[in-house]
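Inspection log for the structure reproduced underneath, given as structure tokens.
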Number of protein chains: 2
Amino acid sequence: MERYDSIILGAGPAGLAAALYSARAGKKILVLDKGTPGGQIYLSSLVENYPGVKSTDGQKLVETMVEQAKSFGAEIKPFAEVTEADLKNKTLKTKEGTEYNAESIIIATGNRWRKLNVPGEEEFVGRGVSYCATCDGPFFKGQEVAVIGGGNTAVEEAMHLTNFASKVFVVHRRDQLRAEKYLQEKAFKNEKMEFIWDSEVKSINGEGKVESITLKNKKTGEETSLGVGGAFIFIGMLPNSELFKGQLETDERGYIITNEKMQTSIPGVYAAGDVRSSPVKQITTATADGTVASIVSCGGH
Amino acid sequence: MERYDSIILGAGPAGLAAALYSARAGKKILVLDKGTPGGQIYLSSLVENYPGVKSTDGQKLVETMVEQAKSFGAEIKPFAEVTEADLKNKTLKTKEGTEYNAESIIIATGNRWRKLNVPGEEEFVGRGVSYCATCDGPFFKGQEVAVIGGGNTAVEEAMHLTNFASKVFVVHRRDQLRAEKYLQEKAFKNEKMEFIWDSEVKSINGEGKVESITLKNKKTGEETSLGVGGAFIFIGMLPNSELFKGQLETDERGYIITNEKMQTSIPGVYAAGDVRSSPVKQITTATADGTVASIVSCGGH
């Protein structure tokens, strides 16, 4: 059984910020990540909205965070998937069988986009396929783009995209939106938006980058091609919280509920970043959550 | 009357993050600061705990944030002190008489060090009285100095001063420190530090510069004079929220209360960063607050 002051699950911006702060406070810190450090931003080819860092790519930004955490003594283990977690007793076990124990655990496992699972989707991530209008919208100035989905996020992000794109097609598999009424009203008035109902995406196509999407009308069965430079997919997100199911209080979607000190329903267990139930999920909010979880868990507050 | 989509008060990390996000979303943004942009971190000679940026100084970090906000079109006006604010109607007036109106207002005015309010304090600012050891420590090489306060900051700054001063007296009004245990342990081991308990500062004295401070023991009532060349005052902070007094809900210390969306008690008015009632105040939490205030005020959530 290996012992640490604090074990942090997930080496994205939230986990790395927590590691930096806790290690700098002199604590013995371990960060476990099931893959390579970085979280979702590792895949962002351009990050231009992180204050204090001029346009960079996600990989570079994360590498700096990793270096900083390590420079203060934090230990970071990639490819260390935790398969068992007893949060009350603060014990963890990884896939390859190592057992760990800590005074506090900070869960920073993030969330993930629900995928369409159609041909072209994975191939064109970062080259026209996006899961974040706030991040990537400005790259589609003057272009026509498609938004897939019909919930609040899809409609909000579609409206946001009209600040940049010349036209935004909203492709939804039903004949009406799931989004709230006031959002729908705003959206229907927006002259740059056009709605394509009862339609599913069959594939995303292009040479090197997205050029069109193939749609199938669910009522008529007809397949059509829609020429767009971008496909923004907002069919929901899922928190990476399955491992803790039944142990922690979560909201109805599985996001972990905390107070403003990032404390969960179990003393000594914190949640930070995208896995936490919170209204905004950005790099800044992730690093802030990690900071707060660290300072509170180190006894500063 | 000049009109903007959003006016941000204060050009520290919170205000600049909000400006970056809102300008990038295509909004017409004005940032007003009563001095030079930067807030408190402008004075930090070393920032090593902002994830994604390796050791830097506060000035450089802020200059990058200013450049980023401007690159997306935000307008930043330094030396524009707001002297009148009608938050319900979203109108502001600056000292030189310009009137402004906006759809939303983001208050990011920060906080400041609390003063002792004793004779000599104001007179000797910059001539022995200081609120920043990092800034002024090097001027006290080989001298004996006093630190007033007993919290984390007081103890950390006192330890920092031992790099320069020949002796650092820590004057605290209680019989034990409020600082975290690990800081206390480090401080008690430092041979250059001496603790004066149960004592209040009655006056700061000298001819042209600080030469001594007069202390009163709270238990015995005895007054003594302590010969020091510097008095560093770290007795807590006050929010820069006076201008909005009576208009917004605040906590008992005057910090503005918001929900997790940074919304204050007035619709369309947000608070972000150190002026907000929150458990942790760091650069990360400031930029996160600014991000959330921006995204919510731009209608994204």
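Since the structure is predicted, the reported quantities are computational estimates derived from the model, not experimental observations. Order of the sequence lines fixes the chain letters, A, B, ..., with proteins taken first and strands second; residue numbering starts at 1 for each chain.
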Part of B:Glu260 lying under 4.5 Å from any heavy atom of chain A
both

Counting only non-hydrogen atoms closer than 4.5 Å, does B:Tyr50 touch chain A with its backbone (N, CA, C, O), its side chain (CB onward), both, or neither?
both

Output for pair (B:Ser55 OG, A:Gln68 CD), nearest 0.5 Å, gives 7.5 Å

Sequence neighbours excluded - salt bridge (Lys or Arg N to Asp or Glu O under 4.0 Å) pairs with any residue from residues 28-40 of chain B:
none

Looking only at heavy atoms, what is the nearest atom pair of B:Val53 and A:Thr64, with distance?
N-CG2, 4.0 Å

Side-chain touch B:Gln282/A:Ile295, heavy atoms, less than 4.5 angstrom
yes

Choice from B:Leu16, B:Leu183, B:Val66, B:Asn49 maximising heavy atom contacts with chain A below 4.5 Å
B:Asn49

Residue pair B:Thr285 / A:Ala288: nearest heavy atoms and the distance that separates them
CA-CB, 3.7 Å

Side chains of B:Thr284 and A:Thr287: any donor to acceptor distance under 3.5 Å?
no

Please report the interatomic distance CD(B:Glu180) to SG(A:Cys298), rounded to the nearest 0.5 Å.
7.5 Å

Looking at A:Lys70, I'd like to know if its NZ atom is crowded, meaning that more than 12 non-hydrogen atoms belonging to other residues, nucleotides or ligands lie closer than 6.0 Å.
no

Here the gap from B:Ser71 atom OG to A:Glu48 atom CD, rounded to the nearest 0.5 Å, amounts to 7.5 Å

Only heavy atoms, only distances under 4.5 angstrom. Which residues in residues 18-26 of chain A are near chain B?
A:Leu20, A:Tyr21, A:Arg24, A:Ala25

Is the number of heavy atoms from other residues, nucleotides or ligands under 6.0 Å of A:Lys192 NZ greater than 12?
yes

Considering only heavy atoms and a distance below 4.5 Å, find which of A:Glu67, A:Lys186, A:Lys60 pairs most often with chain B.
A:Glu67

